[in-house]
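Atoms considered below: every heavy atom in the structure, side chains included; atoms not considered: hydrogens, waters and symmetry mates. Just so you know, these numbers come straight off a predicted model, no measurement behind them.
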There are 2 protein chains.
Amino acid sequence: MADLPGKVHGKVKASRYRDIAAKLQKDIRLGTYAVGNLLPTETELMASYTASRQTVREALRILIDQGLIIRRAGLGSVVIAAEPPVLFTHSVKSLGEWLRYSNETYRDVTGSRDIVADKKLAAMLKCEPGKSWFLIEAVRRSDQFAAPLGWTEIYVLRKFAGVVKRSDHGRTPVHEQVAKMYGQTTEYAQMEIFVRGMPAPIAKQLGVKAGSPALTVVRRYYGLREELFEVTITTHPEGRYTYTMDMQRSLRPRL
Amino acid sequence: MADLPGKVHGKVKASRYRDIAAKLQKDIRLGTYAVGNLLPTETELMASYTASRQTVREALRILIDQGLIIRRAGLGSVVIAAEPPVLFTHSVKSLGEWLRYSNETYRDVTGSRDIVADKKLAAMLKCEPGKSWFLIEAVRRSDQFAAPLGWTEIYVLRKFAGVVKRSDHGRTPVHEQVAKMYGQTTEYAQMEIFVRGMPAPIAKQLGVKAGSPALTVVRRYYGLREELFEVTITTHPEGRYTYTMDMQRSLRPRL
DNA sequence: TGACGGACTTTGTCCGTATAAATTGGGCAA
DNA sequence: TTGCCCAATTTATACGGACAAAGTCCGTCA
């Protein structure tokens with residue numbers, strides 16, 4: 001959607017359907033067609049603009065791409081926004097890329113076991129207390145540095161426990177392994193970043209002082225029907241990890 | 001682009017053009033049409049699929065929307081990717097929404113002054129040492145709680161210093177004020193989150209212990225030609241701030 | 001060699017038409 | 001009243017055709 005025809009040096013070439021789209025956009029922005037209401041039907045637009053159905057539909061397609069309307073057979077064109085809504089976007093190819101660990105990092109698994117969420121863990125994972133999980137604990141390390149980057153706790157549904165046996169287990173994001181082995185896809189994900197004093201058990205593993213500044217990142221992965229199937233909690237000591245995100249103004253290609 | 005026709009309960013309805021699109025996608029993924037090469041022309045596709053030009057073009061439009069091809073009059077359909085590139089997106093309406101402060105928070109400005117970036121500050125801002133900035137310092141507070149949420153340092157170019165005089169200064173993101181007053185728009189932005197021990201001067205302002213865990217968020221705003229025009233640094237004590245981000249699998253509407 | 005021009009190819013735009021599918025609303029029956 | 005089916009409306013899909021605009025290719029000419 002980046003570089004479609006109709007653009008010349010940033011300017012938009014004139015054409016029948018673009019003119020119609022521009023007029024409709026204006027009418028939507030000015031409230032002639034309010035949000036929630038219907039646009040005129042294709043037949044009406046054909047009459048009022050003296051254009052063919054093809055041309056009218058091409059114009060309406062622009063409004064769809066801009067997120068201004070949705071269209072339904074039997075219903076019509078519903079105005080859902082007065083302005084193109086999205087201005088800035090941040091995109092990632094996969095949720096693995098989301099975490100900006102480079103390829104030189106890996107998980108050094110220290111152990112794994114079944115665990116039942118008590119009230120405190122349930123709050124952290126955002127699941128019901130009493131839910132069963134399979135826990136994988138690991139130290140995140142880098143090829144470059146001797147000091148560990150952080151401590152990782154990975155909670156997956158018990159039925160996915162088999163991922164620990166994979167040969168690429170330490171270097172591939174677990175949610176990708178789950179997808180490959182069990183076909184569980186991630187439909188929705190959530191991340192939380194906050195600061196806390198380093199918990200004593202983790203401090204011991206990482207060789208830092210308990211209570212020292214620690215950055216904790218919680219990632220929750222949801223499948224179909226909002227089912228939470230994996231949560232990872234990583235905790236980093238001061239100076240070992242920075243989360244970075246870039247955002248770009250999204251250019252709307254057509255018109 | 002969320003909910004176009006052709007989808008029923010997540011499944012895709014069969015239709016001529018979707019079949020053609022699916023076949024072409026497969027051929028692209030398998031390398032029959034390699035990246036950089038051309039797809040068959042519309043006329044050729046009409047012949048090989050026994051479909052009208054309209055139908056073929058509808059199929060190709062799907063590939064365009066998926067970012068697999070670009071089309072040019074006189075050239076053809078160039079394959080630019082073997083797989084739909086973007087899988088997960090996080091979108092925000094404005095960069096103000098980016099920072100998840102609700103409307104109940106505001107900046108309590110404690111002072112402002114000119115400042116020249118020394119080596120240390122330049123590294124933090126990612127600018128050249130010696131660059132001049134206008135610094136606004138403020139405590140971020142909430143209507144709900146007595147304790148301050150954090151400490152904010154806002155660095156803007158000196159020519160934008162006038163924003164402090166605005167009546168809405170404390171409740172509107174500064175980059176929006178700059179946009180309104182001076183027409184400076186944000187084309188690109190970057191965020192960094194890391195943990196550090198609370199610096200003594202800030203600790204004093206916030207009434208917490210120096211060296212206690214602190215979450216620092218740096219936001220850099222760039223205009224046209226990569227010009228850095230604003231940087232904000234906010235520092236939060238433990239328990240006062242959590243950064244949250246939601247990501248949704250981007251559903252490609254057609255097909 | 002390099003610039004220019006024209007023929008050719010390919011997509012862009014626009015028109016006409018027909019049938020299918022989805023949605024709504026009203027009438028009818030339980 | 002409630003629920004179901006039918007008819008009307010509206011968009012979705014698909015066919016046909018025509019000319020314009022943009023890019024490529026190649027031969028000609030300086």
Peer 1: B:L39 versus B:I69: any side-chain heavy-atom pair under 4.5 Å?
Peer 2: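 Sidechains of B:I69 and B:L39: in contact.
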
Peer 1: Counting only side-chain N and O atoms of B:T55, is one of them less than 4.0 Å from OP1 or OP2 of D:dT13?
Peer 2: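 It does not, given that no N or O in the side chain of B:T55 lies less than 4.0 Å from OP1 or OP2 of D:dT13.
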
Peer 1: Taking it one step at a time, do B:Q66 and B:L63 satisfy side-chain contact (heavy atoms from CB on, under 4.5 Å)?
Peer 2: CA-CA 5 Å; B:Q66 293 192 326; B:L63 303 193; 4.3 Å; yes

Peer 1: So, taking the atom named CZ in A:R57 and the one named OH in A:Y17, what distance separates them when rounded to the nearest 0.5 Å?
Peer 2: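 One finds 14.5 Å between CZ of A:R57 and OH of A:Y17.
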
Peer 1: Is it the case that the side chain of A:R107 and the backbone of A:T172 share a donor-acceptor pair, with hydrogens and angles ignored and the cut-off at 3.5 Å?
Peer 2: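 A pair under 3.5 Å: yes.
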
Peer 1: Assign each of B:E42 and A:G74 to its nearest nucleotide of DNA chain C by heavy atoms, then name whichever residue's nucleotide is nearer the 5' end.
Peer 2: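 Taking each residue's closest nucleotide, the earlier one in sequence belongs to B:E42.
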
Peer 1: Say whether B:S77 and B:R71, considering side chains only, have a donor N or O and an acceptor N or O under 3.5 Å apart.
Peer 2: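 Indeed, the side chains of B:S77 and B:R71 share at least one donor-acceptor pair under 3.5 Å.
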
Peer 1: Please determine, for the side chain of B:S52, which listed nucleotide (D:dA14, C:dA21, D:dG23) has the closest atom?
Peer 2: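 Among D:dA14, C:dA21, D:dG23, the one nearest the side chain of B:S52 is D:dA14.
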
Peer 1: A:F194: which residues meet the ring-ring contact (aromatic ring centres under 6.0 Å, His included) condition with it, sequence neighbours left out?
Peer 2: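 Applying ring-ring contact (aromatic ring centres under 6.0 Å, His included) to A:F194 gives none.
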
Peer 1: What does the list of N/O pairs under 3.5 Å between the protein and nucleotides 18-20 of chain D look like, with a distance for each?
Peer 2:
unit_1, atom_1, unit_2, atom_2, d
D:dA18, N6, B:R53, NH1, 3.1

Peer 1: Nearest nucleotide by nearest heavy atom, which residue falls closer to the 5' end of DNA chain C, B:T41 or A:Q54?
Peer 2: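 The residue closer to the strand's 5' end, by nearest nucleotide, is B:T41.
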
Peer 1: Let's see if you can work this out: which of C:dT13, C:dC14, D:dG23 has an atom nearest to the side-chain heavy atoms of B:L75?
Peer 2: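 Nearest listed nucleotide: D:dG23.
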
Peer 1: It should be established whether B:R71 places a side-chain nitrogen or oxygen under 4.0 Å from OP1 or OP2 of nucleotide D:dA22.
Peer 2: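 For B:R71, the contact criterion (side-chain N or O under 4.0 Å from OP1 or OP2 of D:dA22) is not met.
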
Peer 1: Between D:dA21 atom P and A:R16 atom CZ, what is the distance in whole Å?
Peer 2: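 Checked: the CZ to P distance equals 16 Å.
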
Peer 1: Quick check against the 3.5 Å criterion: does A:E44 have a side-chain atom that pairs as donor or acceptor with the backbone of A:T41?
Peer 2: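 Checking the backbone N and O of A:T41 against the side chain of A:E44, a donor-acceptor pair under 3.5 Å is found.
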
Peer 1: Output yes when at least one side-chain N/O atom of A:Y17 is less than 4.0 Å from OP1 or OP2 of C:dT13, else no.
Peer 2: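 So the side chain of A:Y17 is within the cut-off, an N or O lying under 4.0 Å from OP1 or OP2 of C:dT13.
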
Peer 1: From C:dT11, D:dT13, C:dC14, pick the nucleotide closest to the side chain of B:A73?
Peer 2: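 The nucleotide sitting nearest to the side chain is C:dT11.
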
Peer 1: Contact class for A:T43 vs. all strands (heavy atom < 4.0 Å): base, sugar-phosphate, or nothing?
Peer 2: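 Touches nothing.
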
Peer 1: Can you see if the side chain of B:R57 gets near the phosphate of D:dA14 - specifically, an N or O under 4.0 Å from OP1 or OP2?
Peer 2: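 Indeed not, no polar side-chain atom of B:R57 lies that close.
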
